Asker: 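Supplied in structure tokens, the structure appears directly below.
Being a predicted model, the structure only gives us computed values, none of them experimental.
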Amino acid sequence: MLTTILLVLVVLWLARSLLSDVSLNPFSTKAKEDDVVIEGKFTPKTLAKYNGTDHPKIFMAVRRRVFDVSQGGSFYGPGGPYANFAGRDASRGLALNSFDLECLTDINEKIDTLHNLSSTEKESLDSWEEHFENKYPIVGSLHEND
Ligand code: HEM
């Protein structure tokens, strides 16, 4: 009798653990697969899709750190004034205070080392970086394409 009760308890406990796993719980509010963001390592190529069009999230890299700027969708979303930065490394544009396409590095190229920035441009980038740190969550880091 005691064994049966113990067995039932173990089965119930196992069922509960399994159901608390969102992937197995049909009633969970698990986000659609496309909304799930794998935090961590991005490359210029993998970052590119987070531009508010190919993916609802908008990410942007500053000095190899990736920020989730989705909340600033009016700035970076499609048609926004800084849409060029969405899904891209915006470091040089922020340093030069320019959203011109020439400030962006092609996603197939090596990451911009920013070695030739002047001290004023570095300072400009510093203050933008601080702005982003205070406003947006960091979701990962930027690494060279494979
Ligand atoms: C025509 C000149 C420009 C005007 C009138 C302008 C206007 C603005 C305004 C009103 C804001 C919102 C400020 C706030 O609410 O905190 C803003 C933010 C911003 N601007 Fe500009 N801007 C100009 C040029 C630029 C340029 C050339 C860049 C290139 C780097 C730039 C990059 C940004 C960024 C990154 C933000 C912050 C958005 C955020 O908080 O996510 N702006 N701008």
Side-chain angles (χ1 to χ4, degrees), residues 7-146:
L7 202 66
V8 168
L9 283 175
V10 167
V11 168
L12 282 175
W13 179 79
L14 276 176
R16 188 173 158 271
S17 324
L18 280 176
L19 279 176
S20 67
D21 180 340
V22 287
S23 62
L24 292 174
N25 185 348
F27 304 108
S28 79
T29 51
K30 185 175 176 285
K32 280 191 280 126
E33 202 172 307
D34 212 30
D35 296 341
V36 176
V37 171
I38 292 117
E39 297 190 15
K41 284 189 166 184
F42 294 87
T43 66
K45 280 191 199 169
T46 63
L47 183 65
K49 84 165 183 177
Y50 297 98
N51 58 7
T53 305
D54 302 316
H55 193 283
K57 291 269 180 202
I58 308 175
F59 294 168
M60 185 178 125
V62 182
R63 282 194 173 125
R64 301 194 188 219
R65 284 192 296 172
V66 177
F67 292 84
D68 180 347
V69 297
S70 307
Q71 272 192 317
S74 54
F75 294 124
Y76 310 103
Y82 316 126
N84 279 355
F85 291 154
R88 303 298 291 269
D89 176 8
S91 308
R92 184 168 291 269
L94 294 172
L96 272 62
N97 273 310
S98 162
F99 38 78
D100 287 353
L101 284 172
E102 297 106 74
C103 291
L104 299 175
T105 303
D106 187 291
I107 61 166
N108 298 301
E109 299 286 325
K110 289 234 173 251
I111 301 168
D112 190 345
T113 59
L114 307 170
H115 66 280
N116 58 353
L117 294 183
S118 70
S119 51
T120 323
E121 288 161 350
K122 277 184 197 148
E123 277 166 28
S124 163
L125 182 53
D126 287 344
S127 59
W128 276 121
E129 200 175 10
E130 206 183 318
H131 172 83
F132 287 101
E133 282 168 359
N134 292 328
K135 189 166 176 184
Y136 299 112
I138 293 170
V139 289
S141 47
L142 189 66
H143 303 262
E144 297 292 357
N145 291 318
D146 297 324

Asker: Does any N or O in the side chain of Ser141 come within less than 3.5 Å of the main-chain N or O of Lys41, such that one atom is a donor and the other an acceptor?
Answerer: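 Flag not set: sc Ser141 to bb Lys41 has no pair under 3.5 Å.
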Asker: Could you tell me whether the side chain of Thr105 reaches within less than 4.5 Å of the side chain of Pro44, counting heavy atoms only?
Answerer: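 Side-chain contact under 4.5 Å: no.
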Asker: Donor-acceptor pairs under 3.5 angstrom involving side-chain atoms of residues 73-82: please list them, not counting sequence neighbours.
Answerer:
none

Asker: For Arg92, which residues count as a salt bridge (charged side-chain N to carboxylate O under 4.0 Å, His left out) partner, sequence neighbours excluded?
Answerer: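 Listed in chain order: Asp112.
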Asker: Using only atom types and a distance under 3.5 Å, with no angle test, would you say the side chain of Asp100 pairs donor to acceptor with the backbone of Glu102?
Answerer: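 Side chain of Asp100 to backbone of Glu102: no pair is present.
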Asker: Is the shortest side-chain heavy-atom distance between Leu94 and Phe85 below 4.5 Å?
Answerer: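 Touching, per the 4.5 Å side-chain cut-off.
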Asker: Using the side chain to side chain contact (heavy atoms under 4.5 Å, CB included) rule, take Val62 and Leu125 through it: C-alpha gap first, then chi angles, then the decisive distance, then the call.
Answerer: CA-CA 9 Å; Val62 182; Leu125 182 53; 3.9 Å; yes
Asker: Rounded to the nearest 0.5 Å, what separates atom CG in Leu142 from atom CD1 in Ile111?
Answerer: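 That separation rounds to 4.0 Å.
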Asker: Below 4.5 Å, heavy atoms only, C-beta onward: do Glu109 and Leu104 meet side chain to side chain?
Answerer: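 The answer is no; the side chains never approach within 4.5 Å.
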Asker: Just wondering, do Leu117 and Leu96 contact through their side chains at under 4.5 Å, heavy atoms?
Answerer: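 Yes, their side chains come closer than 4.5 Å.
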Asker: Measuring from Asp68:CG to Met60:CE, what's the distance to the nearest 0.5 Å?
Answerer: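 Interatomic distance, Asp68 CG to Met60 CE, rounded to 0.5 Å: 11.5 Å.
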Asker: Nearest 0.5 Å, please: how far is CD in Glu129 from CD in Glu123?
Answerer: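 Interatomic distance, Glu123 CD to Glu129 CD, rounded to 0.5 Å: 13.5 Å.
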Asker: Tell me every residue that passes ring pair (Phe, Tyr, Trp, His ring centres under 6.0 Å) with Tyr136, counting only those two or more places apart in sequence or in another chain.
Answerer: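 For Tyr136, the residues satisfying ring pair (Phe, Tyr, Trp, His ring centres under 6.0 Å) (neighbours in sequence not counted) are Phe132.
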Asker: If you define the side chain from C-beta out and look only at heavy atoms, does anything of Arg63 sit under 4.5 Å from Leu114?
Answerer: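 Of all side-chain heavy-atom pairs linking Leu114 with Arg63, at least one is under 4.5 Å.
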Asker: Can you tell me if Asn51 uses its side chain to pair, donor with acceptor, with the backbone of Gly87 under 3.5 Å?
Answerer: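 A pair under 3.5 Å: no.
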Asker: Over all heavy atoms of both residues, which pair between Thr46 and Phe42 is shortest? Give the atoms and the distance, please.
Answerer: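 Looking at all heavy atoms of both residues, the closest pair is OG1-CA, 3.4 Å.
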Asker: Asn145 versus Ile107: any side-chain heavy-atom pair under 4.5 Å?
Answerer: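 The answer is no, as the side chains (C-beta and beyond) never meet within the 4.5 Å cut-off.
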Asker: Please report the interatomic distance OG1(Thr43) to CG(Asn108), rounded to the nearest 0.5 Å.
Answerer: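 These two atoms lie 9.5 Å from each other.
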Asker: Report the residues that fulfil side-chain hydrogen bond (donor to acceptor under 3.5 Å, both in side chains) with Glu133, sequence neighbours left out, ordered by chain and then residue number.
Answerer: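 Per chain and number, Glu133 pairs via side-chain hydrogen bond (donor to acceptor under 3.5 Å, both in side chains) with Arg65.
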Asker: So, using side-chain hydrogen bond (donor to acceptor under 3.5 Å, both in side chains) as the criterion, who are the partners of Asp146 when residues are at least two apart?
Answerer: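 Asp146 satisfies side-chain hydrogen bond (donor to acceptor under 3.5 Å, both in side chains) with no other residue.
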Asker: Identify, with sequence neighbours excluded, every residue that meets ring pair (Phe, Tyr, Trp, His ring centres under 6.0 Å) alongside His143.
Answerer: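 Applying ring pair (Phe, Tyr, Trp, His ring centres under 6.0 Å) to His143 gives none.
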Asker: Enter the distance from Glu144:CD to Arg64:CZ here, rounded to the nearest 0.5 Å.
Answerer: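 Rounded to the nearest 0.5 Å, the CD-CZ separation comes to 5.5 Å.
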Asker: To the nearest 0.5 Å, how far apart are NZ in Lys135 and CD in Glu130?
Answerer: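 Between atom NZ of Lys135 and atom CD of Glu130 there are 14.0 Å.
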Asker: Within the 4.5 Å heavy-atom criterion, are Ser124 and Trp128 side-chain neighbours or not?
Answerer: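 Side-chain contact under 4.5 Å: yes.
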Asker: Could you tell me whether the side chain of Leu47 reaches within less than 4.5 Å of the side chain of Arg88, counting heavy atoms only?
Answerer: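 Result no, sub-4.5 Å side-chain heavy-atom pair not found.
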